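Computed over heavy atoms, backbone and side chain alike; hydrogens, waters and symmetry mates excluded. It should be emphasised that the depicted structure is a prediction, and the values quoted were computed from it without experimental measurement.
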Amino acid sequence: MSSNARIKSLNLNYAKMGQAQLDGQGHQLWTVDVAPSTQVASSAYILSSYKDLVIAHAGAAGLQAYKLGTGVRAWNDFPNTDICPGGHAVATFNLTVAVDKIFMGPWGGTCVLAYHADTGKLAWVFNAPNGVTFDTKPLYLNGVVYASNSKLWALDAETGQVLAQAKDDLGDNTGTPLAFDPLQNQILHWGSTGMFAYKPLK
């Protein structure tokens, strides 16, 4: 059966946190526990995919990857995502997988993190000089990662270097991710100070 015919599903309850894969008839193909029950209360759980991998983040249990067809652990080591220089940040509610990297802004952290999707190794860390947290999903577009923490930042996806910074005070993100409008070729940000639109760098 091809991977297109399979349905990925979450298996969540108070005693167990995991991920499961079902076939087209609803039969379970595999299941994996991704966090001990002692960590469930502090966990934010998200899933994404990359090539033949399922990428998961389970709060204190960290960023993880499993083979899509078997559920076998794909990385030798699961990286620690609590590395923002500006403060403690374990959970993340959003991540973006693009090209060969995973981009995330840990909840409560003042940084954007990038990991190599094939290995789980850290690629780069951008720590915001204004000391404000990144709480929404980064946007990847044509080799640039856009992230907002009351300022809109444009980061080189390969290195994390700052390519540009918007001067506007965007206020709180209100939990809304950045969006790309292809018709008008603009990046949209909805914050507590209003709606802003920017032309992408590329």
Side-chain angles (χ1 to χ4, degrees), residues 3 6 8-22 28-128 133-140 143-145 147 149 153 155-161 177:
S3 59
R6 295 170 178 161
K8 293 189 287 295
S9 173
L10 297 183
N11 176 21
L12 297 175
N13 56 50
Y14 290 110
K16 181 179 180 181
M17 189 172 221
Q19 62 182 15
Q21 181 161 296
L22 311 178
Q28 182 172 288
L29 299 177
W30 54 262
T31 184
V32 174
D33 291 335
V34 298
S37 59
T38 56
Q39 296 179 338
V40 170
S42 63
S43 294
Y45 193 95
I46 51 177
L47 281 179
S48 191
S49 61
Y50 168 74
K51 293 183 179 177
D52 63 340
L53 302 181
V54 178
I55 308 294
H57 192 284
L63 189 64
Q64 309 172 27
Y66 301 90
K67 293 289 186 179
L68 180 61
T70 63
V72 172
R73 182 171 173 155
W75 298 337
N76 292 329
D77 299 302
F78 291 154
N80 176 21
T81 57
D82 185 16
I83 60 174
C84 285
H88 182 73
V90 175
T92 183
F93 295 99
N94 288 291
L95 59 80
T96 297
V97 181
V99 189
D100 60 350
K101 289 185 178 61
I102 302 165
F103 305 102
M104 55 197 299
W107 182 60
T110 59
C111 67
V112 176
L113 308 175
Y115 295 88
H116 296 286
D118 287 307
T119 64
K121 300 297 184 183
L122 182 68
W124 50 260
V125 177
F126 167 68
N127 191 48
T133 61
F134 292 92
D135 292 340
T136 58
K137 186 175 183 177
L139 173 69
Y140 173 88
V144 180
V145 176
N149 71 339
W153 302 86
L155 310 174
D156 184 280
E158 281 298 312
T159 66
Q161 292 183 336

Looking only at non-hydrogen atoms, find the nearest pair between P138 and G105 and report the distance. CG-N, 4.2 Å
When rounded to the nearest 0.5 angstrom, what is the spacing between CG in L95 and OH in Y115? 11.0 Å
Roughly how far, to the nearest 0.5 Å, is NZ of K101 from NZ of K121? 15.0 Å
Any sub-3.5 Å donor-acceptor pair from D77's side-chain atoms to P79's backbone N or O? no
By side chain to side chain donor-acceptor pair (under 3.5 Å), Y50 pairs with (sequence neighbours left out) D118
Can you find a pair of side-chain heavy atoms, one from L63 and one from I55, that are under 4.5 Å apart? yes
Roughly how far, to the nearest 0.5 Å, is CD of Q161 from CG of L155? 10.0 Å
Taking the side chain as everything from C-beta on, heavy atoms only, tell me whether E158 gets closer than 4.5 Å to D100. yes
Rounded to the nearest 0.5 Å, what separation is found between the CZ atom of F103 and the CG atom of L113? 11.0 Å
Using a 3.5 Å distance criterion without hydrogens, assess whether the side chain of W124 forms a donor-acceptor pair with backbone atoms of V112. no
Test side-chain contact (heavy atoms from CB on, under 4.5 Å) on K67 and L53 and set out the steps. CA-CA 5 Å; K67 293 289 186 179; L53 302 181; 3.9 Å; yes
Within a strict 4.5 Å, meaning less than it, do heavy atoms of the I102 and V97 side chains meet? yes
Heavy atoms only: give me the nearest Y66-G71 pair and the separation to one decimal. CD2-O, 3.4 Å
Does the W153 side chain pair with the main chain of V145, one donor and one acceptor, at a distance under 3.5 Å? no
Would you call the rings of F126 and F134 parallel, tilted or perpendicular, taking 30° and 60° as the class edges? perpendicular
Nearest heavy-atom contact between L122 and V125 is CD2-CG2, 3.8 Å
For A117 and W75, work out which heavy atoms get closest and say how close. O-NE1, 3.1 Å
L68 side chain near S49 side chain, heavy-atom distance below 4.5 Å: no
